[in-house]
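In what follows, a single structure is set out as structure tokens and then discussed.
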There are 2 protein chains.
Amino acid sequence: MKTRDKIIHAALELFNDGGEPNVTTNHIAAYMGISPGNLYYHFRNKEEIIHSIFDEYAQDLRVRFQPREEAVLSADSLLQYLDAVFMLMWRYRFFYANLPDILSRDPVLQHKYLEAQENLHQDIMVVMRHFRSLGLVTLNDDDLLSLATTLKLVATSWISYQTAQAPEAKITKAVIYQGVLQMLSVIRPLTSMEGRDVVLQLESHYCDQVERDVS
Amino acid sequence: MKTRDKIIHAALELFNDGGEPNVTTNHIAAYMGISPGNLYYHFRNKEEIIHSIFDEYAQDLRVRFQPREEAVLSADSLLQYLDAVFMLMWRYRFFYANLPDILSRDPVLQHKYLEAQENLHQDIMVVMRHFRSLGLVTLNDDDLLSLATTLKLVATSWISYQTAQAPEAKITKAVIYQGVLQMLSVIRPLTSMEGRDVVLQLESHYCDQVERDVS
DNA sequence: GTCTATACTGCGATAGAC
DNA sequence: GTCTATCGCAGTATAGAC
């Protein structure tokens, strides 16, 4: 692997582990056993490293969140869809842990982020309207929008909410799965009979995942 | 007013306005027209200033969130209750904008925060059980807990979620009110007939507030 | 209590040899 | 491409005069 890529991956690892604000370029270099100078040969500055990570993330997000017809048709394929999305959150968790901070320091990144969010919002609305047309939820347009906002908020804030509530605890996959469960608990009261079955199925699956991950 | 208190209030103002990480002790001193040395005569360090602000906040929170019997009995007094709480969020909004960051740098504050949260959680549960016993919502114990989590999450994350979505926009009271509306939209689907009336009343009130604040 | 001046620190970043 | 050495800066914090 190229040094440049190694730097990106080392940085991602350290950011996820220690929080982006606490990881300096020197830390990254030391961790890799290369010199600071070498790091700066490959990247103009720390921002550029973060940008590179974000670009990977945004591309992944875009691909995985692409609404796929089959994902909405069965509980099982919906599950694949959710899994993919939340593994993405896990992989780039440092980002979710300090979003306002990171964005406020970097207008260019802020802009990229907004574009990605816009995209995401469209995709979510498509999926949710699809649910509605299948009769799994019964909501008017306003309620659908509120729900989308709540779900996005839970998803993007879950990690930082949890670290604020239980700081000593590391962010584990179990924490992520609990976030999915929280989202499902928001959706459940809004479902029809058929929809409820799907949600309950998903809930029991993610409960198992939490169990497995804790033990 | 004592210099010490002036420092606290100047810091609160600057933190709210510019974000705590971007405000240094020098900024505070310059803003007040005193010397950095003088500031450090009154406070050992920046942390201690933040602690003082947090102590004021925690005390306010405790008092205002104290469940009052009458607050739950009519939509009107419930509204007083909500207003008081959200004005508190407004007054100390810098805190909500950077919670994970601020806490991760300061274990003592983290601990104080957890105590305050524990308290808050108890109070919320009391209020919600009261709602249930009045027949305004129909939920089992698990659902009640999920709802509490979602509401706390929306409340604590709303400001940072909004700043991430619309960074250039200042945090105004309208933003806070929209947060209340978001919470109400979460509650609405869970209410009984009578409960729904109360929620709708509250929603129309906060809609008016948003309107008024925008214009 | 308040000031001025300054020391200390850690991080971001660069220069120049190899 | 990689290293060593080092600069500059911003922010925290202190010393000592008034």
Presence of B:H42 side-chain N/O under 4.0 Å of C:dT2 phosphate oxygens OP1/OP2
yes
Yes or no on side-chain hydrogen bond (donor to acceptor under 3.5 Å, both in side chains) for B:Y161 and A:T156, after CA distance, side-chain angles and deciding distance?
CA-CA 8 Å; B:Y161 177 75; A:T156 55; 5.6 Å; no
Expressed in angstrom and rounded to an integer, what is the separation of B:M1 atom CE from C:dG1 atom P?
15 Å
Is B:N26 touching bases, backbone alone, or none of the nucleic acid, heavy atoms closer than 4.0 Å?
base
Protein-nucleic acid N or O pairs under 3.5 Å, nucleotides 14-18 of chain C:
none

Over 60° means perpendicular and under 30° means parallel, so tell me whether A:Y113 and A:F95 are parallel, tilted or perpendicular.
tilted
Nearest whole angstrom, please: distance from the P of D:dG1 to the CE of A:M32.
14 Å
Calculate the interatomic distance between B:Y31 atom OH and D:dG11 atom C1'; express it in whole Å.
21 Å
Taking C:dT2, D:dT2, D:dT12 as options, the one with an atom nearest any side-chain atom of A:N38 is D:dT2
Quick one: does any side-chain atom of A:H130 pair with a main-chain N or O of A:V127 as donor and acceptor, under 3.5 Å?
no
Kindly say if B:T3 contacts the phosphate of C:dT2, meaning a side-chain N or O under 4.0 Å from OP1 or OP2.
yes
Look at the side chain of B:S157 and the backbone N and O of B:V154, then say whether any donor-acceptor pair between them is shorter than 3.5 Å.
no
When rounded to whole Å, the CZ to P distance for the pair B:R105 and C:dG10 reads 16 Å
Value in whole Å for how far the P atom of C:dG1 lies from CZ of B:R4
11 Å
Testing B:N26, B:L14, B:D17 for side-chain contact (heavy atoms from CB on, under 4.5 Å) with B:Y31, which one passes?
B:L14
Tell me: CG of A:L39 to P of D:dG1, nearest whole Å?
14 Å
Here's a test for you: under side-chain hydrogen bond (donor to acceptor under 3.5 Å, both in side chains), which of B:H111, B:K112, B:H51, B:K46 qualifies with B:D106?
B:H51
Give the nucleotide from the list D:dA13, D:dG11, C:dA13 with an atom nearest to the side chain of B:T24.
D:dG11
Between C:dG12 atom P and A:Y41 atom OH, what is the distance in whole Å?
22 Å
Please give, in whole Å, the distance from C:dG12 C1' to A:K46 NZ?
10 Å
If the plane angle is over 60° it's perpendicular, under 30° parallel, otherwise tilted; pick one for A:Y96 and A:Y57.
perpendicular
Proximal nucleotide (of C:dG1, C:dA13, D:dT2) relative to the A:S35 side chain
D:dT2
